[in-house]
Amino acid sequence: MKVLLIDVNYKYSSTGKIVHDLYQSLTQDGHEAAVCYGRGPKITEHNVFKFGLDIETYFHALMTRITGWTGYFSFFSTKRLLKFIDEFNPDVVHIHELHAYFVNIKPVIEYLKGKNIKIVLTLHCEFMYTGKCGYANDCEKWKTICFKCPQLHAYPASWIFDYTRKMYKEKKALFQDYENLIVVTPSKWLLERVNQSFLQKHPNLVVHNGIDTNQVFYPRDTNALKTEYCINDEKIVLAVAPDLMNERKGGAWVLKLADRMKSYRIKFLMVGVDDKELQHGDNVILIGRISDQNILAQYYSLADVFLICSKKENFPTTCLEALACGTPVVGFDTGGTKETTPDEYGAFCEYGDIQALQKNVENFLFKVEKQSLKCREFAMENYSPSAMYCNYKEKY
């Protein structure tokens, strides 16, 4: 069996790590696999191809802002991708993310449709059934047709023009008569949304994301970090996101909670904050983005609680990574976040309820004994690369 995986990244970012793990599993299982990705460092591995041209990606991002169209300005990168597909001649193409200014969506889907190539389409957000939005939030126009987008200036941003109606219609037309297509979502929350969209007629199912629970995300020695941050007997609350202070990622809520808990012997570590001038209390430590996953695993292992305050998530891998390192999860019940963690290893409350959030954090810090081993066992059983691969292999 020949399987081609397509994503914006490879090895890095949540989806890039998923694609890497699937590629490794397919290869080890005796299948011929390949990866095509659009952004990030060029990686030299067998059948791994970065087709995206960086200069064209920047051009694409600029033109999206100017014109309002997204997924239309990567002509040469898309040609490179289609040439690779033609030469590799896959039995199955597994598509992950196609947004982020690196590919023209229409010619890719039309090519696959014309060749009658089977597609597994994994949705890591809502982009593929909306006019442009990664997360529609409270807007429900995508159920019928997008227009007058209330998130016009949100990613992928348009400065002036709104072509969401036309982009919505084009996506719908691309997929409506595609017979060899299976839609996969990592969470039940997103599957329910899919079943209210124009993708509802296609076979669909939930496959949870997997992470490397053996070589990367496992409990680590944390003495070096304790020395670095002068941690003695303080409790540690950790928040992690690539751009934590982005409104959707909820860094502002972490700062609010830290301010409310200044009298406690707690340190809040915020990973993914590049603005060192950001005002914060003495109980907050700002840390830039960490790309080394082994170092990140040390932070997860150090924490007594992992805190996620995102406005909307699908099935956040940070929660899975924290559990695999033996750390319980507390956060807002938005999107599919709550689905990542059973009640005994986490607690979630309504978005914006800071009082309930504080109560849940206090409970896991001071009243409930940290069950590191059980957290890890749950993650290994449910979120290992092998568990994810077995589910996908059946669909391939």
Side-chain angles (χ1 to χ4, degrees), residues 1-37 45 47-48 90-98 118-125 128 181-191 194 202-218 293 296-297 300 306 308 313-326 329 335-342 345-346 375-396:
M1 180 171 58
K2 298 177 74 173
V3 179
L4 173 63
L5 302 145
I6 302 176
D7 189 41
V8 58
N9 295 302
Y10 177 65
K11 278 192 175 181
Y12 304 103
S13 84
S14 57
T15 59
K17 287 183 284 186
I18 289 166
V19 167
H20 172 261
D21 288 342
L22 287 172
Y23 171 73
Q24 294 290 328
S25 296
L26 281 162
T27 303
Q28 291 167 8
D29 203 19
H31 301 287
E32 189 173 356
V35 175
C36 286
Y37 69 104
E45 290 183 12
N47 275 352
V48 173
D91 301 305
V92 177
V93 172
H94 187 173
I95 296 174
H96 291 263
E97 299 281 26
L98 287 186
K118 298 177 177 66
I119 291 180
V120 175
L121 176 63
T122 294
L123 304 185
H124 296 282
C125 67
M128 293 307 289
L181 174 67
I182 294 175
V183 179
V184 176
T185 66
S187 66
K188 294 177 183 177
W189 167 80
L190 189 55
L191 186 65
V194 167
H202 298 287
N204 55 58
L205 74 156
V206 173
V207 175
H208 293 321
N209 293 335
I211 58 169
D212 190 338
T213 54
N214 292 321
Q215 301 299 319
V216 180
F217 295 106
Y218 60 88
Q293 301 301 292
L296 188 58
Y300 284 126
F306 176 71
I308 181 165
E313 293 283 359
N314 175 9
F315 199 76
T317 53
T318 51
C319 297
L320 319 186
E321 292 165 356
L323 288 170
C325 293
V329 179
T337 303
K338 185 177 181 179
E339 293 179 44
T340 64
T341 310
Y345 312 131
C375 285
R376 173 158 174 74
E377 287 175 347
F378 177 83
M380 291 180 68
E381 182 177 349
N382 293 277
Y383 304 137
S384 68
S386 59
M388 175 178 65
Y389 172 63
C390 284
N391 286 317
Y392 275 122
K393 180 182 176 181
E394 180 183 346
K395 298 308 169 187
Y396 294 153

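Everything numeric in this text was worked out from a predicted model, so none of it was measured.
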Determine the minimum heavy-atom distance between [X] and [Y], stating which atoms define it.
X	Y	answer
Ala379	Leu320	CB-O, 4.3 Å
Glu339	Trp189	OE2-N, 2.8 Å
Gly336	Phe315	O-CD1, 3.9 Å
Met388	Val207	O-CG1, 4.1 Å
Val206	Pro186	CG1-O, 3.6 Å

Any heavy-atom pair between the side chains of [Y] and [X] that's under 4.5 Å?
X	Y	answer
Cys36	Leu5	no
Tyr300	Leu323	no
Glu45	Tyr10	yes
Val48	Lys11	no
Val184	Leu205	yes
Val92	Ile119	no
Ile211	Val216	no
Thr122	Ile95	no

Q) Please walk me through it: do His96 and Val19 pass side chain to side chain contact (heavy atoms under 4.5 Å, CB included)? A) CA-CA 8 Å; His96 291 263; Val19 167; 3.6 Å; yes

Distance (rounded to the nearest 0.5 Å) between [X] [atom1] and [Y] [atom2]:
X	Y	atom1	atom2	answer
Ser14	Glu313	OG	CD	8.5 Å
Lys17	Thr15	NZ	OG1	9.5 Å
Leu26	Tyr389	CG	OH	4.5 Å
Ser384	His208	OG	NE2	12.0 Å
Glu32	Asp91	CD	CG	9.0 Å

Side-chain donor/acceptor of [X] to backbone N/O of [Y], under 3.5 Å:
X	Y	result
Asn204	His202	yes
Asp212	Asn214	yes
Ser13	Gly16	yes
Asp21	Pro385	no
Asn382	Phe378	yes

Q.
What verdict does the side-chain hydrogen bond (donor to acceptor under 3.5 Å, both in side chains) test give for Asn47 and Tyr23, after you've listed the backbone C-alpha separation in whole Å, the side-chain angles of each residue and the deciding distance to 0.1 Å?
A. CA-CA 10 Å; Asn47 275 352; Tyr23 171 73; 5.6 Å; no

Q.
With side chain to side chain contact (heavy atoms under 4.5 Å, CB included) as the criterion, how do Phe306 and Cys319 come out once you've worked through the C-alpha distance, each side chain's angles and the decisive distance to 0.1 Å?
A. CA-CA 7 Å; Phe306 176 71; Cys319 297; 4.2 Å; yes

Q: Can you spot which of Thr337, Asn209, Thr340, Asn314 makes a side-chain hydrogen bond (donor to acceptor under 3.5 Å, both in side chains) with Ser187?
A: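 With Ser187 as partner, side-chain hydrogen bond (donor to acceptor under 3.5 Å, both in side chains) holds for just one option, Asn314.
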
Q) Going by an N to O cut-off under 4.0 Å, is there a salt bridge joining Glu381 and Arg376? A)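 Between Arg376 and Glu381 there is no salt bridge, as every charged N stays at least 4.0 Å from the carboxylate O atoms.
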
Q: Kindly indicate, with the supporting measurements, whether the criterion side chain to side chain contact (heavy atoms under 4.5 Å, CB included) is fulfilled by Glu97 and Cys125.
A: CA-CA 8 Å; Glu97 299 281 26; Cys125 67; 3.9 Å; yes

Q. Should the pair His94 and Tyr396 be assigned to parallel (<30°), tilted (30 to 60°) or perpendicular (>60°) ring geometry?
A.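 Because their plane-to-plane angle is over 60°, the rings of His94 and Tyr396 count as perpendicular.
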
Q | Worked check of side chain to side chain contact (heavy atoms under 4.5 Å, CB included) between Ile6 and Leu4 | A | CA-CA 7 Å; Ile6 302 176; Leu4 173 63; 4.1 Å; yes

Q: Determine whether the aromatic ring centres of Tyr383 and Phe217 lie less than 6.0 Å apart.
A: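 Distance test on ring centres: not under 6.0 Å, no.
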
